[in-house]
Amino acid sequence: MSTSSALPALSALISRRAQTMTASAIREILKITQQPDVISFAGGLPAPELFPLDAVRQAAETALNKYGPAALQYSTTEGHPPLREWIAARHGIPAQNVQIVTGSQQGLDLLGKILIDEGDTVLVEAPTYLGALQSFQPYLPQYAQVPTDEGGIDVDALERLLQTTKAKLLYAIPNFQNPTGRTLNLERRRRLVELTAQHGVLLIEDDPYGELRFTGEALPSLYALGLELAGDVDRNHVVYCSSFSKTLVPGLRDAWIEAASPIVAKLIQAKQGADLHTPTLNQMMITELLPLLPAQIATVGAAYRERGAHMLRQMDEQFPAGVAYTRPEGGMFLWVTLPQGVDTVALLPRAVENKVAYVPGQPFFALGGGQNTMRLSYSSATPEQITQGMRALGQTFREALA
């Protein structure tokens with residue numbers, strides 16, 4: 001029987017949505033930095049030596065003993081009730097307004113699926129989290145970039161933009177932003193919430209790093225400010241996303257979304273089509289680990305504070321004049337800006353030759369830009385690696401600027 005058919009080339013069968021998908025620039029860069037002698041500050045990975053292995057092992061045993069076969073069975077799409085109740089209590093909202101998702105990346109994908117129609121205008125910070133751009137892109141939005149400065153989103157620029165742009169939603173990371181490490185101050189937070197409400201723009205707050213503060217006072221979430229403004233959980237135009245990946249362990253893939261009931265209802269339907277529910281045992285284990293969470297946050301925060309401070313000290317000593325960088329109040333990242341004319345994509349092979357790697361900044365801009373910028377992560381590096389790596393980066397910069 002002939003194997004020929006009327007089928008076109010298989011690549012021609014890929015949907016138009018899938019054609020818009022791109023590989024993660026970070027994941028691709030990690031492939032070329034896998035040489036064992038290259039010190040990489042590219043991946044934003046939690047420090048594995050800080051994972052509470054014994055507690056996780058005990059949590060699995062406790063969950064299996066407590067729930068028996070139910071811990072290994074299919075479960076509800078909404079999520080494990082005790083976990084949802086604990087999350088809801090933090091913002092004083094009903095548990096029905098909390099949806100558990102399989103990692104915050106799934107949360108962003110599901111939000112894109114239920115909120116973005118083709119051609120909708122989505123406002124994003126310049127720069128913004130690359131994974132959010134990847135999640136939203138298959139739903140074919142039109143991006144508009146909101147300028148940022150050392151204080152995060154420039155709300156004056158946003159106000160001008162909203163006067164001429166009909167936007168569907170705005171995506172923001174107010175705490176220790178990925179990729180810049182910047183934090184939005186309280187005055188700007190209030191104005192951001194008020195402006196988006198006035199213009200009918202849904203505000204998605206992504207907050208995976210908010211618990212990892214090193215210095216300064218904790219600030220209210222955009223969600224809390226939106227709740228204060230609306231006076232009703234189901235009229236709050238802010239959607240809150242967070243995760244246990246940066247505070248406990250990333251491998252269990254437990255995250256959540258807090259939102260008004262109409263949004264949660266559609267998230268449930270979208271998640272049913274995606275994976276039915278987040279793994280049952282994983283949610284039960286996270287619930288058993290909740291008493292450990294404050295101590296774990298303190299441990300992780302102290303380590304990242306020390307590593308971030310050490311990286312900044314080394315940068316102060318090793319980087320040539322004309323190179324600027326942020327000084328985060330928490331989180332896992334900082335942002336480096338080189339003089340105009342330096343292309344950090346083109347510079348990366350030279351850095352790898354010098355046995356150090358970073359993520360170029362350009363992929364974090366939805367509409368291009370940032371050719372002279374880069375992201376560094378200090379979270380999983382040792383002091384020795386940071387010292388050696390900043391020396392190598394300083395050498396790379398001097399070669400580029402010579």
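In what follows, residues are counted from 1 in the order of the sequence shown.
To the nearest 0.5 Å, the span separating CG on Leu110 from CD on Gln269 amounts to 12.0 Å. Atom CD of Gln371 is separated from atom CZ of Phe365 by 8.5 Å, given to the nearest 0.5 angstrom. Going from atom CG of Leu276 over to atom NZ of Lys271 covers 8.5 Å, rounded to the nearest 0.5 Å. The structure places CD of Glu306 at 13.0 Å from CE of Met311, a figure rounded to the nearest 0.5 Å. From Asn236, atom CG reaches atom CD of Glu228 across 10.5 Å, with rounding to the nearest 0.5 Å. With rounding to the nearest 0.5 angstrom, the CG atom of Leu267 is 11.0 Å from the CD atom of Gln272.
Salt bridge annotation for Asp156-Arg160: absent, with no cationic side-chain nitrogen under 4.0 angstrom from a carboxylate oxygen. A salt bridge links Arg188 to Asp149: one of the charged nitrogens lies within less than 4.0 Å of a carboxylate oxygen. Taking the charged nitrogens against the carboxylate oxygens, Arg182 and Glu150 do have a contact shorter than 4.0 Å, which makes a salt bridge. Between Glu288 and Lys66 there is a salt bridge, since at least one side-chain N of the basic residue sits less than 4.0 Å from a carboxylate O of the acidic one.
Within a 6.0 Å sphere centred on NZ of Lys168, heavy atoms belonging to other residues, nucleotides or ligands number more than 12. The environment of CD in Gln388 is sparse: at most 12 heavy-atom neighbours from other residues, nucleotides or ligands sit within 6.0 Å. Around atom CD of Gln340, no more than 12 heavy atoms belonging to other residues, nucleotides or ligands sit under 6.0 Å away. The number of heavy atoms from other shown groups lying within 6.0 Å of CD (Gln163) is above 12. When the shell of 6.0 Å around CD of Glu187 is examined, it contains 12 or fewer heavy atoms from other residues, nucleotides or ligands. The number of heavy-atom neighbours closer than 6.0 Å to CD of Glu317, taken from other residues, nucleotides and ligands shown, is above 12.
At distances below 3.5 Å, at least one donor-acceptor pair connects side-chain atoms of His277 with backbone N or O atoms of Ser75. Under the 3.5 Å distance criterion, the side-chain polar atoms of Gln283 are left unmatched by any main-chain donor or acceptor of Thr280. The backbone N or O of Pro138 lies less than 3.5 Å from a partner atom in the side chain of Arg17, making a donor-acceptor pair. A donor-acceptor pair under 3.5 Å links the side-chain atoms of Thr148 to the main chain of Ala126, judged by distance alone. Although no hydrogens or angles enter the test, the distance criterion places a donor-acceptor pair under 3.5 Å between the side chain of Gln99 and the main chain of Thr77. When atom types are taken as modelled, the side chain of Thr344 and the backbone of Leu347 share no donor-acceptor pair closer than 3.5 angstrom.
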Practice item. Start with the C-alpha distance between Phe136 and Tyr171, add both sets of side-chain angles, then the distance that settles ring pair (Phe, Tyr, Trp, His ring centres under 6.0 Å), and finish with yes or no. Key: CA-CA 10 Å; Phe136 297 156; Tyr171 169 79; 5.8 Å; yes

**Study point:** Residues Thr183, Arg189; criterion side-chain contact (heavy atoms from CB on, under 4.5 Å); working and verdict
**Key:** CA-CA 10 Å; Thr183 297; Arg189 288 175 190 238; 3.6 Å; yes

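Under the 3.5 Å distance criterion, with hydrogens and angles disregarded, a donor-acceptor pair is assigned to the side chains of Thr180 and Gln177. At a cut-off of 3.5 Å, with distance as the only test, a side-chain donor of Gln105 or Tyr129 sits close to an acceptor on the other residue. When only modelled atom types and interatomic distance are considered, Thr165 and His199 share no side-chain donor-acceptor pair under 3.5 Å. For Gln134 and Asp109, the side-chain atoms include no donor-acceptor pair closer than 3.5 Å. Asp206 and Asn178 share no donor-acceptor pair across their side chains, judged by distance under 3.5 Å alone. A donor-acceptor pair shorter than 3.5 Å cannot be found between the side chains of Asn282 and Asp254. If you check the side chains of His80 and Thr278, you find no donor sitting under 3.5 Å from an acceptor. Judged by distance alone, the side chains of Arg307 and Ser379 never bring a donor and an acceptor atom under 3.5 Å apart.
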List the atom pairs, with distances to 0.1 Å, where a side-chain N or O of residues 111-118 and a protein N or O form a donor-acceptor pair under 3.5 Å, not counting sequence neighbours.
| residue | atom | partner | partner atom | Å |
| --- | --- | --- | --- | --- |
| Glu118 | OE1 | Arg16 | NH2 | 3.2 |
| Glu118 | OE2 | Arg16 | NH1 | 3.3 |
| Glu118 | OE2 | Arg16 | NH2 | 3.3 |

Show which side-chain atoms of residues 327-336 pair as donor or acceptor with protein atoms under 3.5 Å away, not counting sequence neighbours.
| residue | atom | partner | partner atom | Å |
| --- | --- | --- | --- | --- |
| Arg327 | NH2 | Asp316 | OD1 | 2.7 |
| Arg327 | NH2 | Asp316 | OD2 | 3.2 |
| Glu329 | OE1 | Arg213 | NH1 | 2.8 |

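Between Leu195 and Val193 the shortest side-chain heavy-atom distance does not fall below 4.5 Å. Looking at heavy atoms from C-beta onward, Ser261 lies in side-chain contact with Asn97 at the 4.5 angstrom threshold.
The aromatic ring centroids of Phe397 and Phe319 lie less than 6.0 Å from each other.
Taking the six-membered ring where tryptophan is involved, the planes of Phe244 and Trp256 are tilted, since the angle between them lies from 30° to 60°.
For the pair Pro363 and Pro360, the tightest heavy-atom approach, listed with the atom from each and the gap, is CD-O, 3.2 Å.
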